[in-house]
Engineer: 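First the structure, then my questions, so here it is.
Quick note: residue numbers are just sequence positions, from 1. Both ligands and their constituent atoms are indexed starting at 1 by order of listing.
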Amino acid sequence: MKLNVPLAVLTAASGVTAFWRMECRGRAGLLRIDPLVSPGEVGAHAHAVHGSSGFNEKATYDDLINGNCTSCAVTQDKSAYWAPGVYFRHSNGSYELVDQVGGMLAYYFLNKDANNPNGKITAFPKDFRMIAGDSLRRNYTIAGQGATQKDPEKSLWAALGQTTQTDLSQRAIGYNCLNYDIAPEPSLYRHYLPEKGYLDANCKDGIRIEIMFPSCWNGKDLDSTNHKDHVAYPDLVEDGGCPQGFDVKLPGLFYETIWATNDYKGVDGEFVIANGDVQGFGYHADFIMGWDDEAFLQSAVNTCTNLSGEIQDCPLFNIQSEDEQRSCKINVPSALSQEKVVGLIGDSLPGNVAIQYGPSPATAKNPGPQTATVPVPTVSYSKGVSSSGYPGLVFKETTTPSLIPSSTPSVSSPQATDFAAAAAAPATTPAPTASTEDGKYEVIRTEYVTSGNVVNEIIVKEAVEYVTVTTTTVTVSVPAKRAARREAAHAHRHVARGHGRPRV
Ligand SMILES: *[C@@H]1O[C@H](CO)[C@@H](O)[C@H](O)[C@H]1NC(C)=O
Ligand SMILES: *[C@@H]1O[C@H](CO)[C@@H](O)[C@H](O)[C@H]1NC(C)=O
Ligand SMILES: *[C@@H]1O[C@H](CO)[C@@H](O)[C@H](O)[C@H]1NC(C)=O
Ligand SMILES: *[C@@H]1O[C@H](CO)[C@@H](O)[C@H](O)[C@H]1NC(C)=O
């Protein structure tokens, strides 16, 4: 069932970003291996892995390309895409894997370097690899800006001194609270995992975790010691200008995964990312290029520029069915064959990872029991000016530039510095035009892309297709929670906007 068809309608010609959205409906594995961080060994924590079945503890390009299948839609793409899984810690201490909904979407944004607008986008070379985010990070540190405050308008970031690579990497993580009944939140809007009470009250369709990779490259190294130093973010994260020394513009890779946190509504406990992080500042993601081959990927970058973002609109791509994607699995190495990672897994995270609260960085070694020293921030909903389907544009709100809160609230008083309050001043974010032209497309937002002195207006529409699912009463004898879960999964299929994806 494919429900989400973003459609960009241009009223002015230039400055718009082409992209495609790689669908990886299958999860090729959920396991504790990480060829970048722990090559040749068992990894520290469990990752949801998408892409080539050739993924292994020390995967190289050749391993990926020689894999028998890919869990992504395009058969020429045997890349590896991975990010940590999300668990729920019950109040009795038992951990349970949260259901992942629909696999992964890996966007390839073909944004130019704003400092070199006539330059080209260079395909990832064979075996190119990188990491976005920092697994050990446990705080949010951006000058003059707390995690509970809304990001200032992008055009102000440089003037505010918020464009160091460390700043940009923290802004490259997003936790999108899903409620398909209302307009979606913008992408990369909230940079931490909301606490359980907030999720219960607001995110009735779960949480979508987003992460943007750096897209400026030094042009020579396929990798670096920390898997980050060979690349850099452009100064607006998704786009903007590349820093000096990183002038080769790559496709902007952006992952989305959805987790059914809503299954645990009313259940006591907390959500924990597999690296022992409850606030989400340590979310991260990894990539190894496994396209067959580099020249093919370059052709795709050059020619697959239909603004629909649909892989079907790229004639080069050979697309396999969702069932084929879902049937592609990694061979679990024998060292991990007994490790329980799915369902109720016992009283510790895979790898015996301990929860580590901030603000100081987590230690790679398990430090033993910890107590919370940082309250989980509280945020509230804001209507999106960017949205699920098409996050990669520099945009401006139609209101006057936002007011930057003059004081820096301390992390320890999240209630007083409520996100909503911080956002209240510029709260006149335009409501999406609710009306539809023909009942099939809905205008979901208007964006303004600044390119030099030219401001282009982009009206983004989304096809809305309502799917009727006949409700049948299931009478099976299952524990209460399972029943609720089935109902939630069922309800999900009524949703018209969003991924509309089955669980993996
Ligand atoms: C690919 O399939 C062959 C034959 O079924 C099998 O021997 C091999 O192990 C598979 N390779 C991978 C990486 O799964
Ligand atoms: C902990 O609670 C969960 C949810 O109620 C339950 O499924 C699980 O069996 C419990 N674990 C233990 C060890 O009692
Ligand atoms: C983009 O794809 C749509 C179908 O989604 C097609 O109708 C349109 O002609 C394509 N545009 C270009 C420029 O190829
Ligand atoms: C915040 O996190 C960074 C990165 O992990 C770390 O270097 C810094 O010391 C932390 N700040 C505090 C106050 O612990």
Side-chain angles (χ1 to χ4, degrees), residues 2 4-10 13 16-21 87-98 110 131 133-143 145-147 164-173 191-192 196 226 228 263-272 275-277 279-284 300 302-317 319 340 342-348 356-364 367 370 372-375 377 389-390 408 410-412 440-441 460-463 465 478-485:
K2 191 151 63 60
N4 189 8
V5 187
L7 178 70
V9 180
L10 300 186
V16 172
T17 307
F19 72 106
W20 72 76
R21 191 172 52 222
Y87 286 86
F88 182 67
R89 183 176 179 274
H90 288 277
S91 54
N92 64 6
S94 288
Y95 288 86
E96 185 172 21
L97 182 72
V98 177
L110 307 176
I131 292 182
D134 173 1
S135 180
L136 301 180
R137 176 173 281 281
R138 292 294 182 273
N139 65 25
Y140 184 80
T141 50
I142 294 188
Q145 190 82 17
T164 66
Q165 287 297 312
T166 314
D167 294 343
L168 298 169
S169 68
Q170 295 176 81
R171 292 232 163 105
I173 296 171
H191 307 297
Y192 57 89
K196 177 78 172 41
N226 62 3
K228 297 179 195 178
D263 283 355
Y264 298 86
K265 183 169 179 178
V267 181
D268 267 358
E270 64 181 343
F271 294 101
V272 191
N275 57 333
D277 177 10
Q279 295 184 294
F281 299 129
Y283 191 71
H284 56 281
N302 296 346
T303 59
C304 301
T305 52
N306 194 311
L307 297 174
S308 72
E310 297 276 333
I311 43 181
Q312 288 80 3
D313 291 334
C314 173
L316 303 177
F317 289 158
I319 296 174
K340 198 139 170 44
V342 177
L344 273 168
I345 59 166
D347 62 3
S348 70
Q356 294 185 67
Y357 299 90
S360 52
T363 53
Q370 299 265 300
T373 54
V374 176
Y390 198 47
T408 306
S410 81
V411 188
S412 59
K440 202 149 182 294
Y441 292 100
V460 178
K461 298 182 177 187
E462 191 171 70
E465 187 186 323
V478 287
K481 181 155 169 288
R482 287 278 147 202
R485 176 179 290 227

Engineer: Nearest 0.5 Å, what's the CD1-CZ distance between Ile311 and Phe317?
Structural biologist: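 It comes to 7.5 Å.
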
Engineer: Could you say whether the N/O atoms of His90 and ligand 2 ever approach to under 3.5 Å?
Structural biologist: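 By distance alone, the answer is no.
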
Engineer: Could you please provide the protein residues found below 4.0 Å of ligand 4 on a heavy-atom basis, arranged by chain and number?
Structural biologist: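 Ligand 4 is contacted, at a heavy-atom distance under 4.0 Å, by Arg137, Asn139, Pro359, Ser360, Pro361.
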
Engineer: Can you list everything that forms a salt bridge (charged side-chain N to carboxylate O under 4.0 Å, His left out) with Arg137? Sequence neighbours excluded, please.
Structural biologist: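 So Arg137 forms no salt bridge (charged side-chain N to carboxylate O under 4.0 Å, His left out) with any residue.
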
Engineer: Side chain, backbone, both or neither: which part of Val267 has a heavy atom under 4.0 Å from ligand 2?
Structural biologist: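 Answer for Val267: neither.
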
Engineer: Take a 6.0 Å sphere around NZ of Lys340 and say whether it holds more than 12 heavy atoms from other residues, nucleotides or ligands.
Structural biologist: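 Yes, because the 6.0 Å sphere around NZ of Lys340 holds more than 12 heavy atoms from other groups.
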
Engineer: Any chance you could measure Gln145, atom CD, to Gln170, atom CD, to the nearest 0.5 Å?
Structural biologist: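 CD of Gln170 is found 11.0 Å from CD of Gln145.
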
Engineer: Who are the side-chain hydrogen bond (donor to acceptor under 3.5 Å, both in side chains) partners of Asp347, not counting sequence neighbours?
Structural biologist: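 For Asp347 there are no side-chain hydrogen bond (donor to acceptor under 3.5 Å, both in side chains) partners, ignoring immediate neighbours.
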
Engineer: Going by the atom numbers of ligand 3, which of them fall below 4.0 Å from some non-hydrogen atom of Asn306?
Structural biologist: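 Every atom of ligand 3 under 4.0 Å from some heavy atom of Asn306: 1 (C), 2 (O), 3 (C), 8 (C), 10 (C), 11 (N), 12 (C), 14 (O).
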
Engineer: Is there side-chain contact between Phe271 and Lys196, with at least one heavy-atom pair below 4.5 Å?
Structural biologist: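 Yes, at least one pair of side-chain atoms sits under 4.5 Å.
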
Engineer: Applying side-chain hydrogen bond (donor to acceptor under 3.5 Å, both in side chains), can you list everything that pairs with Asp134, at least two apart in sequence or on another chain?
Structural biologist: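 Partners of Asp134 by the side-chain hydrogen bond (donor to acceptor under 3.5 Å, both in side chains) criterion come out as none, since no residue qualifies.
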
Engineer: Would you say Arg171 and His191 make side-chain contact, with heavy atoms under 4.5 Å?
Structural biologist: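 Sidechains of His191 and Arg171: in contact.
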
Engineer: Quick one: which ligand 2 atoms are inside 4.0 Å of a heavy atom on Ser94?
Structural biologist: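 What qualifies from ligand 2 is 1 (C), 10 (C), 11 (N), 12 (C), 13 (C).
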
Engineer: Any nitrogen or oxygen of Asp313, side chain or backbone, less than 3.5 Å from one on ligand 3?
Structural biologist: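 In this structure, Asp313 places an N or O atom under 3.5 Å from an N or O of ligand 3.
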
